[in-house]
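The first residue of the sequence shown is numbered 1, and numbering continues consecutively from there.
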Amino acid sequence: TLTLELGQEIGNTLIQSKSYQYRGALLFDEEKYTSALENFGQALLLKKEIKETQSLSSTYQFIARTHLALNDTTTCKNMLDSAMITAIKVESKEQIKECYVAYVEYYKKIQDFQKALEYQEKKETVKDSLFDIQALAKMYVLEVKNKTQEKEQTIKELETGRKSILLKVI
């Protein structure tokens, strides 16, 4: 509440939207679904207002999960589809993976276990590719560190060699 008030006071819409989403998540955990939806709805409106697309998918997912908890599977599916479209637009594999997780929950709820399994497999594929990307990034960082150390060592050797040449000349 303090963060929301601060965001309103300084006119920072992004802080306000994150505060509404956080409060919605807390209310969801307390199974106060109607209040959670109100807060998620406010977060969604503010994010759309400022064109905050990076976290928009997660807001749609929260709304979808809340509707699923309320057994409103039609709205849940619509929100999941919006979440997936948004995640694809921003090219976020992490958000796409989270959408697949939510689709699994949805299809289990409506007892379409074949579709649930399909989305579980899609989630695993994305999860594996995320792991590959992270592994490649770590390898790159290690390679850069190694090359930096080699160059530093070469510089030290050259400086040592130059000093000994200067001493011989003097």
Side-chain angles (χ1 to χ4, degrees), residues 1-138 140-141:
T1 304
L2 292 175
T3 308
L4 177 60
E5 290 171 3
L6 175 64
Q8 290 169 335
E9 188 175 310
I10 63 174
N12 188 318
T13 307
L14 182 59
I15 290 175
Q16 292 174 53
S17 70
K18 288 181 178 184
S19 297
Y20 278 118
Q21 185 155 320
Y22 180 72
R23 189 162 50 178
L26 291 174
L27 291 164
F28 179 88
D29 288 343
E30 295 173 2
E31 298 180 4
K32 297 178 180 176
Y33 300 125
T34 304
S35 297
L37 276 176
E38 290 171 4
N39 281 274
F40 293 141
Q42 281 299 114
L44 185 67
L45 287 173
L46 292 171
K47 286 179 182 185
K48 284 182 173 182
E49 178 183 310
I50 60 172
K51 296 175 179 39
E52 206 311 281
T53 55
Q54 290 301 314
S55 64
L56 195 58
S57 177
S58 66
T59 306
Y60 280 123
Q61 288 178 51
F62 276 120
I63 294 170
R65 286 189 165 117
T66 306
H67 281 286
L68 191 62
L70 293 168
N71 294 314
D72 179 0
T73 55
T74 303
T75 306
C76 172
K77 177 70 165 63
N78 292 336
M79 292 294 112
L80 284 178
D81 292 342
S82 296
M84 181 60 84
I85 290 167
T86 305
I88 290 169
K89 279 184 184 176
V90 298
E91 299 177 354
S92 171
K93 286 190 176 191
E94 184 64 39
Q95 289 181 27
I96 291 169
K97 179 184 73 104
E98 290 304 314
C99 285
Y100 287 147
V101 170
Y103 275 116
V104 170
E105 293 172 13
Y106 166 76
Y107 283 114
K108 283 182 180 176
K109 181 82 167 194
I110 65 169
Q111 298 185 352
D112 187 340
F113 300 111
Q114 182 61 40
K115 282 274 196 192
L117 180 60
E118 288 173 23
Y119 278 95
Q120 180 67 31
E121 290 169 353
K122 289 179 180 184
K123 180 200 79 137
E124 291 302 320
T125 302
V126 172
K127 182 179 167 185
D128 290 345
S129 71
L130 282 171
F131 178 77
D132 291 344
I133 290 169
Q134 291 169 343
L136 286 172
K138 286 179 183 177
Y140 177 75
V141 167

statement: Nearest heavy-atom approach of Ala36 to Gly24 is CB-O, 3.4 Å
CG-OG distance between Leu14 and Ser55, expressed to the nearest 0.5 angstrom: 7.0 Å
message: Could you walk me through whether Lys109 and Asn71 satisfy the side chain to side chain contact (heavy atoms under 4.5 Å, CB included) test, starting with their C-alpha distance in whole Å, then the side-chain angles of each, then the deciding distance to 0.1 Å, before giving a yes or no?
response: CA-CA 8 Å; Lys109 181 82 167 194; Asn71 294 314; 2.8 Å; yes
- request: For Asp112, check side chain to side chain donor-acceptor pair (under 3.5 Å) against everything at least two apart and list the hits.
  value: none
- line: Between Ala116 and Val104 the two heavy atoms that sit nearest each other are O-CG2, 3.5 Å
statement: salt bridge (charged side-chain N to carboxylate O under 4.0 Å, His left out) pairs touching residues 10-19, sequence neighbours excluded, are none
message: Checking Ala43 now: which residues fulfil side chain to side chain contact (heavy atoms under 4.5 Å, CB included) with it, not counting sequence neighbours?
response: Tyr20, Gln21, Thr59
- prompt: So how far is it from Leu44 CG to Leu37 CG, rounded to the nearest 0.5 Å?
  reply: 11.0 Å
Salt bridge (Lys or Arg N to Asp or Glu O under 4.0 Å) against Glu105, all qualifying residues, sequence neighbours excluded: Arg65
- request: Could you pull out all residues at least two apart from Lys108 that satisfy side chain to side chain donor-acceptor pair (under 3.5 Å)?
  value: none
message: Within a 6.0 Å radius of atom OH on Tyr22, are there more than 12 heavy atoms belonging to other residues, nucleotides or ligands?
response: no
- prompt: How long is the gap from CE on Met84 to NZ on Lys89, to the nearest 0.5 Å?
  reply: 14.0 Å
message: Whether Lys122 engages the ring of Tyr119 as a cation-pi pair (distance to the six-membered ring centre under 6.0 angstrom, angle to the ring normal within 45°) should be assessed.
response: yes
- request: Please round to the nearest 0.5 Å and tell me the distance separating atom SG of Cys99 and atom NZ of Lys93.
  value: 14.5 Å
field: Heavy-atom pair with the smallest gap, counting every atom of Gln95 and Gln61
entry: O-NE2, 3.6 Å
field: Qualifying ring-ring contact (aromatic ring centres under 6.0 Å, His included) pairs with a residue from residues 66-87, counting only residues at least two apart or across chains
entry: none
- request: Would you please name every residue forming a salt bridge (Lys or Arg N to Asp or Glu O under 4.0 Å) with Asp81, sequence neighbours left out?
  value: Lys77
Partner residues of Thr75 under the side chain to side chain donor-acceptor pair (under 3.5 Å) criterion, sequence neighbours left out: Asp72
task: Not counting sequence neighbours, list each pair that qualifies as a ring-ring contact (aromatic ring centres under 6.0 Å, His included) and has a residue in residues 30-51.
output: Phe28-Tyr33, Phe40-Phe62
message: Can you tell me how the ring of Tyr100 sits relative to the ring of Tyr103, calling it parallel under 30°, perpendicular over 60° and tilted otherwise?
response: tilted
- line: What one should report as the nearest heavy-atom pair of Asn39 and Leu27 is ND2-CD1, 3.3 Å
- request: Run through Asn78, Ile85, Thr86 and flag the one making a side-chain contact (heavy atoms from CB on, under 4.5 Å) with Tyr60.
  value: Thr86
task: Output the distance between atom CG (Leu45) and atom OG1 (Thr13), rounded to the nearest 0.5 Å.
output: 11.5 Å
message: Testing the basics here: between Ala64 and Cys76, what is the closest heavy-atom pair and its distance to 0.1 Å?
response: O-SG, 3.3 Å
message: If the condition is side chain to side chain donor-acceptor pair (under 3.5 Å), which residues does Asp29 pass it with, not counting sequence neighbours?
response: none
task: Go through the structure and list residues passing salt bridge (Lys or Arg N to Asp or Glu O under 4.0 Å) with Lys32, not counting sequence neighbours.
output: Glu30
- prompt: Which pairs, with at least one residue in residues 33-51 and sequence neighbours excluded, count as a salt bridge (charged side-chain N to carboxylate O under 4.0 Å, His left out)?
  reply: none
